[in-house]
Amino acid sequence: MSPPHKPIVYIVSAPSGSGKSTLVKVLLEMTPRLDFSISYTTRSPRGSEQNGKHYYFVSREEFEHMIRADEFLEYASVYGLNYYGTARRFLREAEQKGHDLLLDIDVQGAAQIKQKLPDAISIFVLPPDRKTLEWRLRKRGEDPDETIDRRLDAARREIENYDKYDYILINDKLEESSDSLRAIVESERLRQSGRPFSPEEKAIVDLADQDRLASARHRVLPILASFRASPP
Ligand code: 5GP
């Protein structure tokens, strides 16, 4: 019997408005055997969000019951307002299906997962600078000014944690970022396979390596500076 598949767990975190949702959506559409961990949350659905697709929307009581029943791999209170959590069952299901798993979670959740699953691959998506993030948040027209200010402040604090991540993706041009994200996922699968790479595979690994923390650090510092220079 072949050994059970050990899923590769990919964590994607980003400040709100970084374009993460679109990147994740494209990634999931284009990547076979990659499951999305649908989080549980106590916040209300926004816009066209559907229960069981984007999130499981539950009451605070239901969430707290799940905490007591140890059903979460990690959970956090995001913006101090609502609970968000990753259910353990998605990891079990991915294992059974021979799939990998993608978690779209915040910085606190990423730290908890890294402690429990040190082999998880973490990816931080960044906007090119503060101005661009502010513009994107205003353009989507979902939030009042006060919330936008809070999101910008939260973004600065999240970005300060960039060096806890394995990969840093600066989302300037969607198509390029999308290619880079797919390269990261693919290159980690290739590495896990343990076999020699073809020239095409080597090119994928090289593309992914450009976004490794050590290579990306010098590109993050000016972004961080743009956030630090504009306190709320
Ligand atoms: P939103 O309310 O905009 O959908 O998400 C707010 C933040 O919560 C995002 O940073 C998102 O990544 C994070 N988030 C979503 N699901 C989870 C989860 O299961 N655990 C944690 N820790 N954060 C989550």
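What you see is a predicted model; the values in this text were computed from it and never measured. All values below were derived from every heavy atom in this structure, side-chain atoms included, with hydrogens, water molecules and symmetry-related copies excluded. Order of listing sets the numbers, starting from 1, for every ligand and every atom in it.
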Is there a side-chain contact (heavy atoms from CB on, under 4.5 Å) between Ile38 and Lys53? Walk through the geometry before answering.
CA-CA 7 Å; Ile38 305 168; Lys53 185 172 178 203; 5.9 Å; no
Does Lys25 pair with Glu29 as a salt bridge, N-O distance under 4.0 Å?
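Yes.
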Take the angle between the ring planes of Phe63 and Tyr75 and call it parallel below 30°, perpendicular above 60°, tilted in between.
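The arrangement is perpendicular - the two ring planes meet at more than 60°.
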Phe124 pairs by side chain to side chain contact (heavy atoms under 4.5 Å, CB included) with which of Asn161, Ile168, Val220?
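For Phe124, the side chain to side chain contact (heavy atoms under 4.5 Å, CB included) test succeeds with only one of Asn161, Ile168, Val220, which is Ile168.
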Does NZ or CZ of Arg43 come closer than 6.0 Å to the centre of the six-membered ring of Tyr84, within 45° of the ring's axis?
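Verdict for Tyr84: no cation-pi partner in Arg43.
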Check: Glu62 and Tyr56 side chains under 4.5 Å, non-hydrogen atoms
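No, side chains not in contact.
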Can you list, by chain and residue number, every protein residue with a non-hydrogen atom closer than 4.0 Å to ligand 1?
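Contacting ligand 1 under 4.0 Å are Lys20, Ser39, Arg43, Arg46, Tyr55, Glu74, Ala76, Val78, Tyr84, Gly85, Thr86, Asp104, Ile105, Asp106, Gly109.
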